[in-house]
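Written out below as structure tokens is the structure these notes cover.
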Amino acid sequence: MNILIADAFPPSQLERLRGEGHRCEFAPTLTGDDLPGALPGFEALVVRSTRVEAAALEAADSLKLVVRAGAGINTIDTARARALGIDVCNVPGANALAVAELTLGLILAADRRIPDNVADLRAGAWNKKRYSKARGLFGCSLGIVGAGAIGLAVAERAAAFGMRILVLASPRRGGTARARLAAVGATEVSSLDELAGQSDYLTLHVPGGAQTRGLVDRGILARMSPGAVLVNTSRADVVDEAALIEALDTGDLRAVVDVYDGEPASGEARFDSPLARHPNVYGTHHIGASTEQAQSAVADGVVRIIAAFVDGQVINCVNPAPEAV
């Protein structure tokens with residue numbers, strides 16, 4: 001196949017694709033705006049964060065497959081792809097451990113105020129009195145919204161710190177997930193309102209999109225206890241950012257976040273975010289899945305999807321044709 005890889009991709013897996021006879025063009029600096037002019041002639045497209053909009057799909061003259069090197073597909077116009085007969089596949093779960101690790105890192109940072117410690121020391125200020133007031137994580141309640149691969153990995157790691165695990169009840173939860181939650185002593189809570197009210201830390205692990213947009217709104221934020229921390233390493237649109245900033249302004253709530261409204265699509269750019277600048281926020285640069293281990297696992301998944309597609313199988317398809325559902 002002729003494959004355009006329009007994002008970062010590990011060299012070893014790129015060579016595997018080439019070794020299997022595929023012609024691969026590696027163009028990690030392409031943007032969503034560049035794709036309409038770049039896609040003609042390619043049968044497959046591999047992306048991470050690059051947006052794949054209708055204009056790009058319509059400009060493609062040979063495209064059969066789009067692979068999202070990750071789980072979330074909110075940056076791809078899957079409906080238009082389906083209308084054009086293009087399969088869109090993703091690689092769910094491969095980066096779960098990396099996101100879970102960052103989530104716990106941010107929770108620890110919030111408790112011990114690690115970024116402020118570092119900033120003061122670098123500025124020559126010694127303030128042990130201020131930074132000796134951490135509560136500690138043992139016995140704190142962690143409310144998890146979304147008990148998929150990432151949420152389960154977070155629960156298991158948080159349990160090792162002695163945190164009390166709370167999750168939203170779900171009749172659709174499978175046996176494996178229920179067993180993993182039972183192993184960490186998780187308690188099911190009936191509603192998001194109730195979960196927010198019981199959580200010292202409320203962490204979000206749901207996909208972006210119409211069903212979850214604004215899930216955490218003013219009402220949910222108002223339910224959170226004074227001193228609680230909102231953790232968002234999922235998607236920016238899951239939280240009403242304006243409402244969050246209002247809640248942060250009261251001083252009763254803190255947040256640790258990895259995702260932002262209007263964040264740059266490129267690896268480097270100027271970015272002025274009221275949320276990122278807020279004094280009650282610790283933020284990172286949307287790096288949840290950005291470990292070498294995670295990216296290698298995701299790339300292995302991409303290679304498997306392409307190999308299966310060549311053999312006539314479409315695996316992990318997120319926009320199946322109606323007759324295939």
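Count residues from 1 along the sequence.
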Going hydrophobic residue to hydrophobic residue with side-chain gaps under 4.5 angstrom, can you get from M1 over to F9?
yes
Is there a donor-acceptor pair closer than 3.5 Å between any side-chain N or O of R82 and the backbone N or O of N319?
yes
E241 side chain to Y260 backbone, donor-acceptor under 3.5 Å:
no
Taking C-beta and beyond as the side chain, do H205 and T103 meet within less than 4.5 Å on heavy atoms?
yes
Donor-acceptor contact below 3.5 Å, side chain R68 vs main chain G72
yes
Please determine whether salt bridge (charged side-chain N to carboxylate O under 4.0 Å, His left out) holds for the pair D200 and R164, giving the CA-CA distance in whole Å, both sets of side-chain angles, and the decisive distance to 0.1 Å.
CA-CA 10 Å; D200 297 307; R164 185 166 62 96; 5.9 Å; no
Look up atom CD1 in I86 and atom NZ in K64, then write down how far apart they are to the nearest 0.5 Å.
11.5 Å
Just by modelled atom types, is the A196 backbone N or O under 3.5 Å from a matching donor or acceptor in the S199 side chain?
no
Side-chain contact, heavy-atom cut-off 4.5 Å: H278 with D249?
yes
Please answer: with hydrophobic residues joined when any side-chain heavy atoms are less than 4.5 Å apart, are I306 and L45 in the same cluster?
no
Over all heavy atoms of both residues, which pair between D272 and P274 is shortest? Give the atoms and the distance, please.
O-CD, 3.9 Å
Test side-chain contact (heavy atoms from CB on, under 4.5 Å) applied to V302 and Q13, step by step:
CA-CA 9 Å; V302 171; Q13 284 85 351; over 6 Å; no
How far does CZ of R235 sit from NE2 of H286, to the nearest 0.5 angstrom?
5.0 Å
Closer than 4.0 angstrom, basic N to acidic O: yes or no for R135 and D111?
no
Nearest heavy-atom neighbours spanning D61 and G41
OD1-N, 2.7 Å
Applying salt bridge (Lys or Arg N to Asp or Glu O under 4.0 Å), can you list everything that pairs with R213, at least two apart in sequence or on another chain?
D237
Could you tell me whether the side chain of D7 and the main chain of T50 form a donor-acceptor pair under 3.5 Å?
yes
Return the CG to CD1 distance between L65 and I305, rounded to the nearest 0.5 Å.
7.5 Å
Single-linkage hydrophobic cluster, 4.5 Å side-chain cutoff, V298 and L97 together:
no
Is the shortest side-chain heavy-atom distance between D116 and R130 below 4.5 Å?
yes
Check R304 against I315 and note the closest heavy-atom contact, atom names and distance.
O-CD1, 4.0 Å
Do the non-hydrogen side-chain atoms of P207 and N74 ever get within less than 4.5 Å of each other?
no
For residues I3 and L30: do they belong to one hydrophobic cluster (side chain heavy atoms under 4.5 Å, members Ile, Leu, Val, Met, Phe, Trp, Tyr)?
no
For the pair N117 (side chain) and R112 (backbone), establish whether a donor and an acceptor sit closer than 3.5 Å, ignoring hydrogens and angles.
yes
Taking everything shown except E188 itself, do over 12 heavy atoms lie less than 6.0 Å from its CD?
yes
Hydrophobic cluster (4.5 angstrom, side-chain heavy atoms) - remaining members for L152:
V99, L102, L104, L106, I107, L108, L137, L142, I144, I150, V154, F161, M163, I165, V167, L181, V184, Y201, V229, V231, V256, Y282, I287
Stepwise side-chain contact (heavy atoms from CB on, under 4.5 Å) check, R48 with S290
CA-CA 11 Å; R48 282 181 59 191; S290 299; 3.6 Å; yes
Can you establish whether the number of heavy atoms outside R180 located under 6.0 Å from its atom CZ is more than 12?
yes
Rounded distance [0.5 Å steps], CG in L244 versus CD1 in I220:
13.0 Å
Check for a donor-acceptor pair, side chain of R254 on one end and backbone N or O of A110 on the other, with a separation under 3.5 Å.
yes
For the NE2 atom on H22, are there more than 12 heavy atoms of other groups (residues, nucleotides or ligands in this structure) within a distance under 6.0 Å?
yes
Cluster check V310, V91: I/L/V/M/F/W/Y, side chain < 4.5 angstrom
yes
Just verifying a value: how many Å separate L166 CG and T203 OG1, rounded to the nearest 0.5 Å?
12.5 Å
Tell me, do R23 and F42 make a side-chain contact under 4.5 Å, heavy atoms counted?
yes
Looking at E194, is its backbone amide N or carbonyl O close enough to the side chain of S191 to form a donor-acceptor pair, meaning the two atoms are under 3.5 Å apart?
yes
Does T212 reach the main-chain N or O of L215 with its side chain, forming a donor-acceptor pair under 3.5 Å?
no
Given side-chain contact (heavy atoms from CB on, under 4.5 Å), test Y131 with D120 step by step and report yes or no.
CA-CA 10 Å; Y131 296 123; D120 276 358; 2.7 Å; yes
Give the minimum heavy-atom separation between L121 and W126, together with the two atoms involved.
CD2-CE3, 3.8 Å
To check you understand the geometry: which heavy-atom pair defines the closest contact between S225 and G197, and what is its length?
OG-O, 3.5 Å
Just by distance, do the side chain of E43 and the backbone of N2 share a donor-acceptor pair under 3.5 Å?
yes
Should V281 and L275 count as side-chain neighbours, where that means a heavy-atom distance under 4.5 Å?
yes
Heavy-atom distance under 4.5 Å between the side chains of V47 and T75, does that happen here?
no
Candidate pair V66 and L57, rule side-chain contact (heavy atoms from CB on, under 4.5 Å), full reasoning
CA-CA 10 Å; V66 177; L57 297 167; 4.3 Å; yes
Side-chain heavy-atom pair L17, V46 within 4.5 angstrom cut-off
no
Return the CG to CD distance between D33 and E53, rounded to the nearest 0.5 Å.
7.0 Å
What's the shortest heavy-atom distance between R218 and A243, and which atoms?
CG-CB, 3.3 Å
